[in-house]
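In what follows, a single structure is set out as structure tokens and then discussed.
Note on naming: letters A, B, ... go to the chains in the order of the sequence lines (proteins, then strands), and numbering restarts at 1 for each one. Values below: every heavy atom of this structure, side chains too, minus hydrogens, waters and symmetry copies.
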Amino acid sequence: MTAGTYKPWGKLDIARRVGADIPEGWYVNLGIGLPTLVADHIPEDREVVFHSENGILGMGPVPAPDEVDTWLVNAGKENVTLVPGAALFHHADSFAMIRGGHLDLCVLGAYEVAQNGDLANWTTSLNDRVPAVGGAMDLSAGVRNVWIMTTHTTKDGQPKLVERCGYPLTAGKAVTRVYSDLAVLDVTARGFVVTDMVEGLTRDELQKLTAAPLHYA
Amino acid sequence: MTAGTYKPWGKLDIARRVGADIPEGWYVNLGIGLPTLVADHIPEDREVVFHSENGILGMGPVPAPDEVDTWLVNAGKENVTLVPGAALFHHADSFAMIRGGHLDLCVLGAYEVAQNGDLANWTTSLNDRVPAVGGAMDLSAGVRNVWIMTTHTTKDGQPKLVERCGYPLTAGKAVTRVYSDLAVLDVTARGFVVTDMVEGLTRDELQKLTAAPLHYA
Amino acid sequence: MIDKQVEDVAQALSGITDGASVLVGGFGAVGQPNVLLDALGEMGVKNLTVIANNAGFEPDIGLGRLIGRGCVSKMICSFPRGSSSFDTFYRAGKIELEVVPQGTLAERIRAGGAGIPAFYTPTGVGTQLAAGKETRTFGKRDYLLEHGLAADIALVEAWEADRWGNLTFRGSGRNFNPIMAMAGRLTVVQAQHVVPLGAIPPNDVVTPGIFVDRVVHVPCGDPPIAKVATAQGGTK
Amino acid sequence: MIDKQVEDVAQALSGITDGASVLVGGFGAVGQPNVLLDALGEMGVKNLTVIANNAGFEPDIGLGRLIGRGCVSKMICSFPRGSSSFDTFYRAGKIELEVVPQGTLAERIRAGGAGIPAFYTPTGVGTQLAAGKETRTFGKRDYLLEHGLAADIALVEAWEADRWGNLTFRGSGRNFNPIMAMAGRLTVVQAQHVVPLGAIPPNDVVTPGIFVDRVVHVPCGDPPIAKVATAQGGTK
């Protein structure tokens with residue numbers, strides 16, 4: 001196969017990969033946007049418990065249109081469902097779980113990820129518009145594993161995986177793994193270690209789209 | 001009436017006085033020992049809500065022997081009852097109420113009370129026996145009104161109301177009122193202000209039994 | 001007899017004056033004390049500091065409406081997006097903004113209610129939101145010092161209330177409401193149902209009445225339908 | 001399938017080794033994980049640091065028995081009175097003691113579970129228990145710095161548990177149990193009843209299963225009758 005003949009993974013491909021990598025029994029918070037897709041891609045025989053910042057453990061599948069409980073929303077303010085075994089609690093207890101290291105995993109989006117795990121995903125500048133952070137800083141500082149789902153580059157082709165973040169940080173040394181549309185990368189003491197990549201993509205090509213040195217296991 | 005012809009108030013007299021002075025609607029914690037008596041001396045037409053450190057609001061009367069619920073104890077580890085409107089919660093929430101200033105009153109015993117409100121009621125020395133503090137420091141530091149029920153002097157006749165505590169402090173500037181077996185005293189910026197005293201007792205006699213200057217309203 | 005229930009919303013809000021700090025419960029469309037917020041706006045109070053997760057949503061409902069009326073001079077919140085009223089006032093420089101991470105906001109409010117003046121948290125270390133804050137190392141990790149956050153008033157929406165002010169919440173309506181009830185010096189509750197004392201079993205009381213000052217019966221019905229969860233998500 | 005239920009007490013305690021720090025729930029005779037404590041003593045582990053409100057009561061039950069067996073080298077507690085085992089070991093200089101005010105103890109444990117390394121509290125300022133602690137002024141008042149308290153193990157007694165580890169408690173059995181469940185790196189629950197997943201309604205879960213690692217079914221029945229409340233009271 002020659003250089004350039006590769007097809008990036010689609011959103012659902014990425015969600016499926018993330019879902020397949022979540023072990024049974026993990027407590028997982030899915031960020032708004034892309035990460036939400038992961039909920040539908042957990043292997044059917046595997047129990048994973050989904051957490052929402054606003055006081056829910058045990059979120060279930062999207063409700064059927066005629067079965068919506070409007071008293072139940074997730075962190076994205078969307079109506080959701082509960083599974084048997086779900087629990088409801090208040091915001092301080094919810095973030096005690098997050099900050100106290102009780103969640104196994106959060107899956108978030110990113111503007112930039114640095115090779116030391118620094119994450120920038122909350123604002124591109126304090127001046128560009130109304131600053132807003134939500135729960136991103138708590139999640140990335142508190143959860144044991146922080147996985148990022150993202151395109152490998154911006155729409156303009158700028159690398160999102162970098163030596164050092166240029167955008168304001170959400171948390172330092174937080175990210176443990178990146179699932180991009182081109183590769184899966186662990187964040188290690190050495191920096192980014194590629195563990196999987198799109199078929200047909202060469203190491204040189206992936207390096208050109210990444211602003212930090214890539215390592216291979 | 002000549003000097004010396006007075007009779008100290010009994011325990012039940014003191015409890016009745018304290019009970020009569022608790023306004024409707026107050027949230028009240030009663031310390032172990034003497035203060036427990038107050039629960040039975042709230043005027044019948046008055047609602048007062050009793051709190052226990054181990055996670056109870058709304059304790060009711062002593063259970064009949066054949067109606068004891070052994071799953072329910074108070075801070076003194078005695079079996080108690082609940083009234084309609086009671087709530088159960090955990091220890092951190094219970095002390096959030098105490099420390100957060102949500103309780104209107106606690107009634108405690110004392111070894112010494114100083115004229116600036118300093119309270120000593122947890123140990124007579126760190127060396128005399130096993131030191132143990134329980135909830136006394138939290139109650140006296142956190143509750144809006146701290147009333148003391150005590151004999152005016154020790155069994156040896158030593159004053160318990162003093163200029164400055166000699167025993168280890170439970171909390172500084174905490175006590176707001178003292179109900180002794182001889183008098184009722186408010187703790188004010190001026191020091192102890194006597195608002196009531198046993199019939200037949202003279203001011204001179206009361207002063208002799210008190211190791212701090214007494215004032216009168 | 002203790003009876004915290006008041007006859008109407010006006011009585012529930014009586015005494016609230018210009019310059020008050022106000023905790024406002026709710027997350028998304030659930031657990032929002034919108035009737036209290038509307039009445040507060042109609043009272044014409046000014047210069048409120050409002051503490052809430054968001055800065056309102058629709059311009060004609062609840063907090064969005066209160067801001068649109070010009071009653072709020074400062075917002076302390078985690079995610080002030082999706083509110084056209086707030087946007088307008090913020091861009092015009094007419095409203096001050098303190099952005100606080102959502103978990104730090106929740107913990108500050110709980111601390112405010114629990115008599116904890118300050119605590120350390122790992123959230124926000126090394127970020128722009130750490131500016132001006134003390135950083136301190138415990139063990140091998142850095143933490144920020146954050147302060148408890150109490151307020152003059154807390155506005156809460158509950159599912160059930162009794163005359164002692166014991167509360168329950170429905171679905172995700174719990175959210176910030178119980179901790180705000182703790183941190184309000186005057187806590188005012190709009191309750192969907194007022195039930196007899198004793199109707200809420202002791203184990204089911206979520207907010208004990210000790211944290212509640214006034215209850216007003218507002219059977220305002222179900223929240224509006226929200227977006228149903230999809231991959232495209234909403235705002236935080 | 002997530003199933004935190006283990007077959008017996010031995011399995012529930014497997015892996016606990018000498019020198020472990022152990023949070024022990026319960027207050028008075030209610031909510032004490034006595035069966036777990038007895039089994040721990042039979043395992044013969046040594047040099048435990050135990051964190052509990054008291055230092056046990058009767059020498060032949062629970063924590064009092066564990067101490068009497070010589071398994072505990074340090075107690076962190078608020079009220080170590082009424083335990084003849086503790087008295088004996090303490091007077092012989094065989095057990096170390098850290099006395100912590102009850103509310104500070106509860107808040108330190110909650111902080112330990114909630115990722116808060118330290119906080120300030122008004123409790124204990126100016127007392128002998130402030131020795132060696134930082135005092136700091138916020139507003140016009142002084143406060144002490146206190147540290148979060150997590151531990152290797154938490155031993156909890158619950159009323160109901162399901163296979164995810166969701167818990168409820170009965171009567172005053174809640175006490176320290178929910179916050180200790182949060183602060184244990186390994187949280188082991190002895191439950192009076194094991195119920196099917198979903199049997200506990202979401203609003204009634206007191207301790208969500210995320211804080212629980214192992215559940216063992218121990219239908220040990222009602223606590224013994226205590227003193228009935230009288231004026232003469234008991235120990236704290």
Problem set entry | Aromatic plane relationship, F27(C) with H91(A) - under 30° parallel, 30 to 60° tilted, over 60° perpendicular |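 If you compare the ring of H91(A) with that of F27(C), the planes turn out tilted.
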For this session: Output the option from L169(A), L88(A), I56(A) having the highest count of non-hydrogen pairs under 4.5 Å with chain C.
Result: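 Option with the top pair count is L88(A).
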Problem set entry | Which of T70(A), T81(A), V38(A) touches chain C most, by non-hydrogen pairs under 4.5 Å |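 If we count pairs closer than 4.5 Å to chain C, T70(A) comes out on top.
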Between [atom1] of [X] and [atom2] of [Y], what distance do you get to the nearest 0.5 Å?
X: N54(A); Y: N53(C); atom1: CG; atom2: CG; result: 9.0 Å
X: R110(C); Y: D93(A); atom1: CZ; atom2: CG; result: 8.5 Å
X: H90(A); Y: M180(C); atom1: NE2; atom2: CE; result: 12.0 Å
X: F169(C); Y: F89(A); atom1: CZ; atom2: CZ; result: 15.0 Å

Exercise. Non-hydrogen atoms of chain C under 4.5 Å away: do they reach the side chain of T170(A), the backbone, both or neither?
Worked result: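 Contact with chain C: backbone only.
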So what's closer than 4.5 Å to chain A heavy atoms on [X]: side chain, backbone, both or neither?
X: P178(C); answer: side chain
X: F86(C); answer: side chain
X: R108(C); answer: neither
X: V100(C); answer: backbone

Problem set entry | Stepwise side chain to side chain contact (heavy atoms under 4.5 Å, CB included) check, F95(A) with Q102(C) | CA-CA 8 Å; F95(A) 280 88; Q102(C) 192 171 151; 3.7 Å; yes
For [X], is the [atom1] atom crowded, meaning more than 12 foreign heavy atoms sit under 6.0 Å from it?
X: K7(A); atom1: NZ; answer: no
X: E47(A); atom1: CD; answer: yes
X: R164(A); atom1: CZ; answer: no

For this session: Would you sort out whether M137(A) and T127(C) count as a side chain to side chain contact (heavy atoms under 4.5 Å, CB included), showing the intermediate values?
Result: CA-CA 9 Å; M137(A) 285 189 182; T127(C) 73; 3.5 Å; yes
For this session: Would you sort out whether T123(C) and D138(A) count as a side-chain hydrogen bond (donor to acceptor under 3.5 Å, both in side chains), showing the intermediate values?
Result: CA-CA 5 Å; T123(C) 302; D138(A) 304 280; 3.0 Å; yes
For this session: Select, from P101(C), G124(C), A106(C), A55(C), the one with the greatest count of heavy-atom pairs under 4.5 Å involving chain A.
Result: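 Highest number of heavy-atom pairs under 4.5 Å: P101(C).
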Problem set entry | Winner by heavy-atom pair count (cut-off under 4.5 Å) against chain A, out of I179(C), D142(C), V206(C), L105(C) |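 Highest number of pairs under 4.5 Å: I179(C).
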Problem set entry | Within-4.5 Å side-chain heavy-atom neighbours: P223(C) and W71(A) |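 Answer yes - side chains close enough.
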Exercise. Ignoring hydrogens and geometry, is there a side-chain-to-backbone donor-acceptor pair from S78(C) to V133(A) under 3.5 Å?
Worked result: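 Judged by distance alone, no pair lies under 3.5 Å.
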Exercise. Can any side-chain N or O of R81(C) pair as donor or acceptor with the backbone N or O of V130(A) at less than 3.5 Å?
Worked result: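 Judged by distance alone, yes, a pair lies under 3.5 Å.
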Might you point out which heavy atoms bring [X] and [Y] nearest each other, and give the distance in Å?
X: G134(A); Y: F79(C); result: N-CD1, 3.5 Å
X: A226(C); Y: V73(A); result: CB-CG1, 4.4 Å
X: A141(A); Y: R141(C); result: O-NH2, 2.7 Å

